[in-house]
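One structure is given here, and the rest of the page talks about it.
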Amino acid sequence: MLLSESLYEALEASLKNLERPHSSIQSIGSVSGGDINRAYRIKTSTGDYFVKVNNDPLAASMFLAESNGLDILRNPLGAAHVPKTFLVGNARGEGFLLMEWIDTGNKHDAPQQEALGRLLASLHRRHADAYGLDHDNFIGPLPQNNGFSSDWTEFFIEQRLQKQLDMADQILDGTDLHKKFDRLFSRFADLYPCEPPSLLHGDLWSGNYLVDQLGTPVFIDPAVYYGNREVDIAMTKLFGGFSERFYDAYNETYPLQHGWEERVDLWNLYPLLVHLNLFGRSYLRAIQNNLKQYIGANS
Ligand code: ADP
């Protein structure tokens, strides 16, 4: 049996509560591809569902934040672009998030990449008065603080880079990275042009969007907040998986400011520090290389 008895019972009861009293589970299959949670496809007599499961004591808060994030995206983007979430629950210590199952199609052809570029641009056209969000959430399994600030430099240094540097204190022992980041912080405000706070996906690597069988892009696993939109664009470049058509369509819809490509490695210091905290010292070299570009090789 793939699922514990208590989780199976909790899911079966949840499905019956979803206004489908006659729904019964027919089969459960593992879904691979995630690096944080266990994931399953549940086939029932009335349709298919997707469930994520995690035994971490923080799992229910993580899933609640994920579900809130999806709700925030659904409002401007429309229901077709965000999976429905049905329930965040806990079955004897196993947290779970029950969602709509998306039948996926090809992600990489030009029309899908163009649709994705336009979709992200339309998300980024949603603006707020300040950087941040009215609640904290998570980036992967790590806490992400979103206290509002009217100053992007202050927000990105204090709520993003410094928080991850504090978390990485032991890993960084014996390196000169704290010193180098201080140097970066002293010149940070001069390194980028002003952008208004845009609604961001917040964790947009290629594993965090799907394309359904009609070719409609669907965002999953967000870490939403209002921020500089170049941060989302930069993240698409970290591990690849987005074609030139994606960037062209984005730029046709909401042009990026001159020199954005030179700032990709600056913004990606944040996900690289997150990876350092999650997966260890193998990310130190990439962080050093990115830093070098903005503080000089001899600093
Ligand atoms: P994690 O939270 O561990 O990163 P993911 O959200 O990435 O897990 O999901 C794991 C796998 O399930 C991925 O391969 C992803 O493509 C797939 N997936 C995620 N959400 C859905 C969904 N609603 N319907 C179908 N497949 C999904």
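Each residue takes its place number in the sequence, starting with 1. Side-chain atoms are counted along with the backbone in the values below, which use heavy atoms only and exclude waters and symmetry mates. Every number for a ligand or one of its atoms is a count from 1 in the order of the listing.
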- prompt: What is the nearest protein non-hydrogen atom to atom 27 (C) of ligand 1, stated with its residue, atom name and distance?
  reply: Phe50 CE1, 3.6 Å
- prompt: In terms of residue, atom name and distance, what is the protein heavy atom nearest to atom 23 (N) of ligand 1?
  reply: Glu100 O, 2.9 Å
- prompt: For Ser32, is at least one N or O under 3.5 Å away from an N or O on ligand 1?
  reply: yes
task: Could you tell me whether Ile102 and ligand 1 have an N or O pair separated by under 3.5 Å?
output: yes
- prompt: Does the cation-pi check pass for Arg263 over Tyr192, that is, NZ or CZ under 6.0 Å from the six-membered ring centre and within 45° of its axis?
  reply: no
message: Is it true that Asn106 and Gln112 share a donor-acceptor pair across their side chains at a distance under 3.5 Å?
response: no
- request: Mark yes or no: Arg160 above the aromatic ring of Tyr225, with NZ or CZ under 6.0 Å from the six-membered ring centre and no more than 45 degrees from the axis.
  value: yes
- prompt: Tell me, which protein residue and heavy-atom name are nearest atom 10 (C) of ligand 1, and how many Å apart are they?
  reply: Gly34 N, 3.5 Å
- prompt: So which bit of Lys52 gets within less than 4.0 Å of ligand 1, heavy atoms only: side chain, backbone, both or neither?
  reply: side chain
- request: Carefully, step by step, assess Asp71 and Arg74 under the rule salt bridge (charged side-chain N to carboxylate O under 4.0 Å, His left out).
  value: CA-CA 5 Å; Asp71 289 345; Arg74 192 175 299 110; 2.6 Å; yes
Exam field: side chain His81 to backbone Pro217, donor-acceptor pair closer than 3.5 Å: yes
- prompt: Is there a ring-ring contact (aromatic ring centres under 6.0 Å, His included) between His124 and Tyr254 once you walk through the steps?
  reply: CA-CA 8 Å; His124 289 170; Tyr254 190 6; 7.2 Å; no
query: Is the Phe242 to Tyr209 ring centre distance short of 6.0 Å?
result: yes
- request: May I ask you to identify, for Asp221, whether its side chain, its backbone, both or neither come under 4.0 Å of ligand 1 on a heavy-atom basis?
  value: side chain
message: At under 4.0 Å between heavy atoms, is it the side chain or the backbone of Val31 that contacts ligand 1, or both, or neither?
response: side chain
- request: State, without any angle test, whether Gln159 and Ser149 hold a side-chain donor-acceptor pair at a distance under 3.5 Å.
  value: no
Under 3.5 Å: donor-acceptor pair, side chain of Asp212, backbone of Leu214: yes
field: Min N/O separation Asn37 to ligand 1 under 3.5 Å
entry: yes
message: Ring centroids only, cut at 6.0 angstrom: are His201 and Phe219 within range, meaning strictly under it?
response: yes
task: Around atom 16 (O) of ligand 1, find the nearest protein heavy atom and jot down its residue, atom name and distance.
output: Leu210 CD2, 3.3 Å
- prompt: Are any of the N or O atoms of Pro83 closer than 3.5 Å to those of ligand 1?
  reply: no
- line: Within 4.0 Å of some non-hydrogen atom of Trp101, the atoms of ligand 1 are 24 (N), 25 (C), 26 (N)
- request: Give yes if a backbone or side-chain nitrogen or oxygen of Glu66 is under 3.5 Å from a nitrogen or oxygen of ligand 1, and no if not.
  value: no
message: Under a 4.0 angstrom heavy-atom cut-off, which atoms of ligand 1 come close to Ile36?
response: 3 (O)
task: Between Thr104 and ligand 1, find which residue part has any heavy-atom pair under 4.0 Å and reply side chain, backbone, both or neither.
output: neither
